[in-house]
Amino acid sequence: MHLIRELLANALAEAQASGQLPSAPPIEVPVEHPQSAEHGDYASSLPLRLARALRMNPLEIANRLVPLIPAGDALARVWPESPGFINFALEPRWLAAQVEAVIEEGPAFGNVPLGGGESVQVEFVSINPTGPIHVGHARGGVLGDVLARVLDAAGFSVTREYYFNDAGNQMDNFYGSLHARYLQAMGQDAELPQGGYVGEYMVDVAKEIADEEGDRLLDLPAEQAVEELGRIGLGKMMRGIQSDMERLRIDFDVWFREHTLYSDGQYEKAMDALGSNNHLAKREGATWFVSTALGEDKDNVLVRGTGVPTYFAADVAYHYNKFVERGFSRVIDVWGADHQGHVSRMKAAIGALGIDPDRLTILINQMVTLKRGQQILRASKRAGEFITLQELLDEVGTDPCRYFFLARSPDSQMEFDLELAKKSSNENPVFYIQYAHARVASILKLAAENGIDHGDGDVSLLTDPAELALIRKILELPELIESMAVKLEPHHLPHYSQDLATAFHWFYQQCRVVSTAPGDEAITRARLKLVQASAIALGRALSLMGMEAPEKM
RNA sequence: GCCCCUGUAGCUCAGAGGAUAGAGCACUGGCCUCCGAAGCCAGGAGCGUGGGUUCGAGUCCCGCCAGGGGCACCA
């Protein structure tokens, strides 16, 4: 694709330099994969887009550009097409030769040198340690994790981070609720605080602590007991979240804890920076971020009248830490739709800190509505009603769960019917793709058992349409990785994987690979090379999605 | 009231301003003496609505209708 773009740009420059085409302001050269195979492997609508500026018939522009595009060994044909496209067909011999290139790259196949080692932080999930992870959080988890894997493949230096809000109001609420549950577990009368966490899991955690600690905490003064309980309970919640993430196959590099912002002076530094840039105001006993001056709808409280910082203040300090203290070049936050209203003021705050707001990207993923058959389940942690990630993984398994969350654009709401997910899990695309990988493995195994060494296979024998279609599909992977990394849209990966599996299954159907018939030795070795390249591409796609690539099923 | 997201096949969803809008599931009919039939092949049906921009709109802009989310000294 880069090659095509370059060829077109050069042809255009040459045509303009030689006077065959009038000059015009430069535009980006569009190149795409045409839907229909008869339009070639690549197509450009460059002539159509130039027509107005050049005041010429687009087809005439195409006619003049085509002769200026050198043949090379990759292109079989370049031709103009009405009303003004230029189409490119790849040379089958060149395509076949790419199989060798794929094998040579091995597990690195698909990597693209886009990021140049630029440091990017992806922060995601980051729910309060006041309850278990539920399915809505899992969506953001998978999105962030796969995005990180994609950026990694695209040459960025990626840090995956989880932010624990282990300070603030909600934690005090959690501690108070836990204390009440503990007292209840010890047989005492106790009431949950106003707005406390009523979920059953709190009862379980309190019981667990009661079993482990006995009545030791009853003897302490209430304040001290709450503090001690809080410490133990927080530890349990954090470990629970960490093991959930592990089970979802998400591996964080950093577990950042909010309270360190205060102990390490990040909070003061961030507030000082805002203050010295004249973005703060004292009103009604509180400290405000004067975001209206930056075009926001309203100002935002940073420090309450009580002197306690808001969640927003902590988040400002946290982002100060990301950009200024740790020096990430870019930061990507993955948030749920319920935080959408927080986006613009966060960006405003970044700007107020003197940081280019474009270095911060906030991805919003829409809510997950849970259904069990006809019954709609509202997920609310404080109401204590939700489906946990644990339950989901128990029912559908990690691979389908990841695939299901990943396959939808983050912008679209999801309806997750647990019954359906469970019922269809034996016939969903997850198994289709993994089956292709298992098939590949078993073919290679059979070849090995028959003592066939395909190391000297001649890939130029690969000329069947099914073989060429499979090669084309394999070669799309690097392009896809680049595009996903640029647009921050990992949800294309499942669809690509499915297409790749289809291309492989079709090839398998059309072309016998391991054949012991006399005269078939050469084509068998050539096809084994293609199978090996398929294994690499399928394996890479699955690993980018964080899914298992089984040798057998 | 204001802000964000979404309306595409019976269902769940893809769709890079381009050429004839695609998958899976479900339904129907074919294909294993041969590398795994968890597979392959074939079949029907669709862009919420009204304008606009453009050579060209599912895609961009405006209105309307419908669904979800947000608009706290909660996080």
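Naming: A, B, ... by sequence-line order, numbering from 1 per chain. Just so you know, these numbers come straight off a predicted model, no measurement behind them.
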TODO: For A:E38, report the nucleic acid contact type (base, sugar-phosphate, nothing); a contact means any heavy atom under 4.0 Å.
DONE: base

TODO: Would you kindly say whether A:Q532 and A:H454 are connected by a side-chain donor-acceptor distance under 3.5 Å?
DONE: yes

- [ ] Would you indicate, yes or no, if B:C5 has its OP1 or OP2 atom less than 4.0 angstrom from a side-chain nitrogen or oxygen of A:S409?
- [x] no

Task: Contact under 4.0 Å: A:S36 side-chain N or O vs B:A19 OP1/OP2 - done: no

Open item on the list: Quick check on RNA chain B: between A:R283 and A:H491, whose nearest nucleotide comes earlier from the 5' end?
Closed with: A:H491

TODO: Measure from the side chain of A:K552, starting at C-beta and using heavy atoms only, and say which of B:C13, B:A72, B:G36 lies closest.
DONE: B:G36

Open item on the list: Whether A:N169 contacts B:A75 is assessed here as follows: a side-chain N or O lying under 4.0 Å from the phosphate OP1 or OP2. Is that the case?
Closed with: yes

Task: Face-to-face stacking of A:Y508 with B:C40, centres under 5.5 angstrom, angle under 30° - done: no

Open item on the list: Check the orientation of A:Y163 and A:Y318. Use parallel for under 30°, tilted for 30 to 60°, and perpendicular for over 60°.
Closed with: parallel

- [ ] Would you indicate, yes or no, if B:C41 has its OP1 or OP2 atom less than 4.0 angstrom from a side-chain nitrogen or oxygen of A:W506?
- [x] yes

Task: Contact nearer the 5' end of RNA chain B, comparing A:S515 with A:T306 - done: A:S515

Open item on the list: Nearest to the A:V514 side chain among B:A75, B:C40, B:C35, which nucleotide is it?
Closed with: B:C35

Task: Strand partner of B:C31, provided both Watson-Crick or wobble distances fall under 3.5 Å - done: B:G39

- [ ] Please give the nucleotide sitting opposite B:A9 as a Watson-Crick or G-U wobble pair, both distances under 3.5 Å, or none.
- [x] none

- [ ] Verify whether one side chain among A:S344 and A:E296 offers a donor that lies under 3.5 Å from an acceptor in the other.
- [x] yes

Task: Ring-base stacking, A:H33 with B:A16 (5.5 Å, 30° cut-offs) - done: no

Open item on the list: Between B:G67 and A:Q413, counting only base atoms on the nucleotide and side-chain atoms on the residue, is there a donor-acceptor pair under 3.5 Å?
Closed with: yes

Open item on the list: So if I take residues 337-345 of chain A and measure heavy-atom distances to RNA chain B, which residues fall below 4.0 Å?
Closed with: A:A337, A:D338, A:H339, A:Q340, A:G341, A:R345

TODO: State, without any angle test, whether A:Q434 and A:Y403 hold a side-chain donor-acceptor pair at a distance under 3.5 Å.
DONE: no

TODO: With sequence neighbours excluded, give me every salt bridge (charged side-chain N to carboxylate O under 4.0 Å, His left out) pair touching residues 466-476 of chain A.
DONE: A:D41-A:R472, A:E467-A:R527, A:K473-A:E476, A:K473-A:D499

Task: Sugar-phosphate only, base, or nothing, as touched by A:A438 at under 4.0 Å among non-hydrogen atoms - done: base

Task: Any side-chain donor near an acceptor of the partner, A:H339 and A:D333, under 3.5 Å - done: no

Task: Any donor-acceptor pair under 3.5 Å from A:K552 side chain to A:S442 backbone - done: no

Task: Aromatic ring of A:Y432 stacked on base six-ring of B:G24, 5.5 Å, 30° - done: no

